[in-house]
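Beneath this line is the structure, given in structure tokens, with notes to follow.
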There are 2 protein chains.
Amino acid sequence: MTVHDVARLAGVSTASVSRVLSGRRTVSADVDERVRSAAAELGYQVNAVGRSLRRQSTETVGLVIADITNLFFPSLTKALEDAFAHQGLGLLLADAANDVARERDAVSRLLARQVDALLITPVSRLQSRRTIDEANQRTTVVQLDRRASTKAHYVGMDNSQAVSDVLAHLAELGRTSPVFIGSDPHISTTWERQRAFSRLAPTGDRVLTGDFSLDWGRTATIEALERWPDTDALFCADDLIAVGAVEQLRAMGHRLPGPVAVVGFDDTLLVRLHTPPVSSVRQPLAEMAAAAVELAVSTANLAVQRRLFPGTLQARPSTAP
Amino acid sequence: MTVHDVARLAGVSTASVSRVLSGRRTVSADVDERVRSAAAELGYQVNAVGRSLRRQSTETVGLVIADITNLFFPSLTKALEDAFAHQGLGLLLADAANDVARERDAVSRLLARQVDALLITPVSRLQSRRTIDEANQRTTVVQLDRRASTKAHYVGMDNSQAVSDVLAHLAELGRTSPVFIGSDPHISTTWERQRAFSRLAPTGDRVLTGDFSLDWGRTATIEALERWPDTDALFCADDLIAVGAVEQLRAMGHRLPGPVAVVGFDDTLLVRLHTPPVSSVRQPLAEMAAAAVELAVSTANLAVQRRLFPGTLQARPSTAP
DNA sequence: GTGAAAGCGCTAACAA
DNA sequence: TTGTTAGCGCTTTCAC
């Protein structure tokens with residue numbers, strides 16, 4: 001089933017069929033009608049592969065997710081899927097499973113498929129740079145949430161502002177001795193949050209770093225309270241750590257809300273449904289996805305963009321007075 | 001950068017370049033070497049669009065997820081992504097957002113892109129059937145987790161067996177008056193679990209159905225205990241409902257483990273990290289993904305397959321004695 | 001084992 | 001406005 005079949009049935013040339021079905025040129029009402037009804041009768045649908053080869057554009061973007069099991073990323077993926085589908089753009093998904101080598105592979109496979117743009121949440125602030133820069137030579141690359149290169153577009157949250165807001169919120173509640181519990185500092189978001197904390201918090205030197213896990217949240221909580229007994233808030237780099245911290249506090253007999261507040265990042269289901277609910281900074285995913293679309297479809301040679309969106313603290317019982 | 005450039009540099013024909021790079025025909029060691037080094041020198045990578053058009057195969061499968069925000073599906077997606085990437089197959093992702101019209105659209109767009117197979121978790125047991133049957137005329141369709149048509153392959157969990165196992169587990173603990181809290185009965189899994197419950201449970205007529213939400217889990221718990229005061233277990237169709245049920249029980253002053261047990265389905269992060277941890281049936285995602293790959297790449301005209309895998313109950317404090 | 005050439009399905013340049 | 005035709009990049013006959 002090809003344009004030829006439709007053309008034959010409609011009694012027109014294949015070019016006319018193409019013109020009608022791609023809506024890219026004006027055609028007489030008569031031809032338009034004949035082609036449409038012929039296509040409908042045959043149940044014809046254009047072959048996107050042929051079109052892509054000819055147009056040199058696949059209307060598809062590649063998305064490389066650092067770690068799809070991290071609860072935040074499915075939310076991001078959904079926002080992107082929505083936004084891109086809305087533009088008629090398909091999403092070719094790849095998971096880097098937190099591994100720079102797999103990330104490199106994924107990028108390479110997506111480029112071979114001629115994606116019109118590549119969206120990526122870099123695995124590592126440092127080690128993903130080359131992969132991104134190389135991809136950026138071949139197509140439009142948009143870094144999302146995390147960043148590793150200054151040569152490619154970036155759409156993310158303003159972590160400094162978010163950290164500042166959270167600290168202000170804590171200060172209002174009289175909490176001025178927070179400890180920062182980071183996860184893997186190779187992750188750019190964690191890194192930025194930690195740096196902002198160090199710069200802005202009254203206890204900026206109270207920083208612990210570990211990995212992305214509930215257990216690390218637990219361990220770090222014990223360590224924090226031992227090293228700094230006057231701790232009145234645990235400022236966690238992500239939700240999983242925050243939940244671990246809350247659990248540990250409760251295991252140690254603390255009440256929540258109580259003397260030690262806990263706050264996380266990303267506002268995933270985990271903290272919203274937790275008992276007690278945990279405060280967390282929400283990223284404006286829909287806006288970020290819209291910006292990603294805009295950059296992805298932008299005609300090349302646009303100067304490198306850095307779009308930072310404000311995060312909003314969702315205050316919940318874990319930081320209540 | 002095309003085969004021509006490589007051919008010119010290697011001093012061979014484009015046919016030879018193709019033969020080497022696709023590894024589909026034997027070539028002399030000399031030519032092989034010359035082509036490989038020319039390709040490496042140029043940084044040439046084959047254009048998958050050209051290849052797809054010629055081969056009439058995209059090496060890409062479409063995946064239509066009923067609702068990507070449902071925590072279970074990202075896990076499934078990851079398992080699929082792993083399995084298909086391992087075979088060199090790309091995954092084109094679409095989200096149906098629980099809407100049969102959007103599902104229909106998504107399928108249509110994926111077919112236009114000439115996916116080699118279509119994986120789908122049908123939104124509705126009844127209303128997704130036509131979409132699936134129509135797609136099945138055009139390519140290999142594999143229904144995953146949920147099913148709507150008997151004419152297309154299905155890979156899922158044996159819900160009858162799982163329900164039976166859970167009931168046996170509850171019986172061992174002396175709990176013989178369970179209530180089933182279902183979600184939307186349009187979802188095939190919920191429907192199957194409910195039917196199995198009705199058939200196998202001593203209190204098979206104690207069934208409540210609602211929707212996929214935490215609140216429904218809460219509401220249903222209240223209703224269950226009012227209507228059947230001797231209830232000793234809440235058998236929930238999914239984890240979100242189970243967490244809602246646990247929360248409600250605690251709000252009502254019940255202890256857990258305690259007089260009323262709670263069990264869910266899908267073994268998502270939600271129940272594993274909950275306090276107390278909630279028992280749940282785990283689906284063998286990796287095995288299911290492997291089966292999906294096998295069916296997706298199977299040469300057409302294979303009889304319709306129905307592959308059911310056993311679920312395993314992860315017993316946790318919510319069903320402890 | 002190798003090269004020349006056709007053609008996958010589509011669209012855009014060109015001609016009418 | 002419409003048709004003819006070339007060609008996107010690749011692979012696979014077919015002939016040697």
Side-chain angles (χ1 to χ4, degrees), chain A residues 1-36 38-39 42-60 88 90 108-116 138-139, chain B residues 1-36 38-39 42-60 88 90 108-116 138-139:
Chain A
M1 177 80 58
T2 73
V3 276
H4 290 91
D5 302 302
V6 180
R8 198 177 311 126
L9 183 59
V12 299
S13 72
T14 58
S16 288
V17 172
S18 170
R19 290 194 264 254
V20 172
L21 267 29
S22 62
R24 291 203 156 191
R25 253 197 186 55
T26 47
V27 187
S28 71
D30 176 48
V31 168
D32 186 279
E33 160 58 17
R34 299 228 303 281
V35 168
R36 284 189 199 284
L42 295 171
Y44 170 80
Q45 200 179 13
V46 339
N47 180 321
V49 177
R51 169 177 286 180
S52 295
L53 184 58
R54 173 63 228 225
R55 286 203 189 153
Q56 297 292 80
S57 144
T58 53
E59 314 249 278
T60 303
S108 164
R109 285 205 313 274
L110 293 175
L111 290 177
R113 286 161 189 274
Q114 313 295 113
V115 292
D116 291 347
R138 307 233 271 129
T139 189
Chain B
M1 176 83 58
T2 73
V3 278
H4 289 92
D5 302 301
V6 180
R8 198 175 310 126
L9 184 59
V12 299
S13 71
T14 58
S16 288
V17 173
S18 170
R19 291 195 261 255
V20 172
L21 266 29
S22 62
R24 291 203 156 191
R25 253 197 185 55
T26 48
V27 186
S28 71
D30 176 48
V31 168
D32 186 279
E33 160 60 16
R34 299 226 306 279
V35 169
R36 284 187 199 286
L42 295 171
Y44 169 80
Q45 199 179 13
V46 353
N47 179 321
V49 177
R51 170 177 286 179
S52 294
L53 184 59
R54 174 61 226 228
R55 286 203 188 150
Q56 297 291 80
S57 143
T58 53
E59 314 249 280
T60 303
S108 164
R109 286 205 313 274
L110 293 175
L111 290 177
R113 284 160 189 275
Q114 313 296 113
V115 292
D116 290 349
R138 307 234 273 130
T139 189

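Looking at heavy-atom distances under 4.0 Å, B:Val49 makes no contact with the nucleic acid at all.
With hydrogens and angles disregarded, no donor-acceptor distance shorter than 3.5 Å links the side chain of A:Thr60 to the backbone of A:Val115. Between the B:Thr14 side chain and the B:Val3 main chain, no donor and acceptor come within less than 3.5 Å of each other. Counting only distance, with no hydrogens or angles, the side chain of B:Glu59 and the backbone of B:Gly88 share no donor-acceptor pair below 3.5 Å.
For the pair B:His4 NE2 and C:dG3 C1', the interatomic distance rounds to 12 Å; values are reported in whole Å. Spacing between atom CZ of B:Arg113 and atom P of C:dC8 amounts to 23 Å, rounded to whole angstrom units. At whole-Å resolution of the value, CD in B:Gln56 and C1' in C:dG7 are 10 Å apart.
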| message | Output the pairing pattern of DNA chain C as a dot-bracket string, 5' first, Watson-Crick or G-U wobble with both distances under 3.5 Å, | for cross-strand pairs, [ ] for crossing pairs. | response | ||||||||||||||||

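Pairing each heavy atom of B:Ala38 with each of B:Ala10, the nearest pair is CB-CB, 3.8 Å. Minimum heavy-atom separation, A:Arg113 to B:Ala48: CA-CB, 3.8 Å. When all heavy atoms of B:Thr139 and B:Asp116 are compared, the pair lying nearest together is OG1-O, 3.0 Å.
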Each nucleotide N or O in nucleotides 11-13 of chain C that has a protein N or O under 3.5 Å away: list the pair and distance.
unit_1, atom_1, unit_2, atom_2, d
C:dT11, OP1, A:Arg51, NE, 2.5
C:dT11, OP1, A:Arg51, NH2, 2.9
C:dT11, OP2, A:Ser18, OG, 2.8
C:dT11, O5', A:Ser18, OG, 3.3
C:dT11, O2, A:Arg54, NH1, 2.7
C:dA12, OP1, A:Arg24, NH1, 3.1
C:dA12, O4', A:Arg54, NH2, 2.9

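Remark: A:Asn47 pairs with no residue by the side chain to side chain donor-acceptor pair (under 3.5 Å) rule, at least two apart or across chains. Shown here are the side-chain contact (heavy atoms from CB on, under 4.5 Å) partners of A:Ser18, two or more places apart in sequence or in another chain: A:Ser22. With sequence neighbours left out, the side-chain contact (heavy atoms from CB on, under 4.5 Å) criterion links A:Arg25 to A:Arg19.
Rounding to the nearest 0.5 angstrom, the gap separating the CE atom in A:Met1 from the CD atom in A:Gln45 is 10.5 Å. Distance check: A:Arg8 CZ to A:Ser13 OG gives 13.0 Å after rounding to the nearest 0.5 Å.
Checking the phosphate oxygens (OP1, OP2) of C:dG3, a side-chain nitrogen or oxygen of B:Ser16 falls inside 4.0 Å. OP1 or OP2 of C:dG1 lies within a sub-4.0 Å distance of a side-chain N or O belonging to B:Thr26.
Bracketed by its first and final contacts, the part of DNA chain D lying under 4.0 Å from non-hydrogen atoms of chain B reaches from D:dG9 to D:dT13 in 5' to 3' order.
Remark on DNA chain C: of its neighbouring residues B:Leu53 and B:Val31, the 5'-side contact belongs to B:Val31, judged by nearest-heavy-atom nucleotide. Positionally, the nearest nucleotide of DNA chain C for B:Val12 lies more toward the 5' end than for the other of A:Thr2 and B:Val12.
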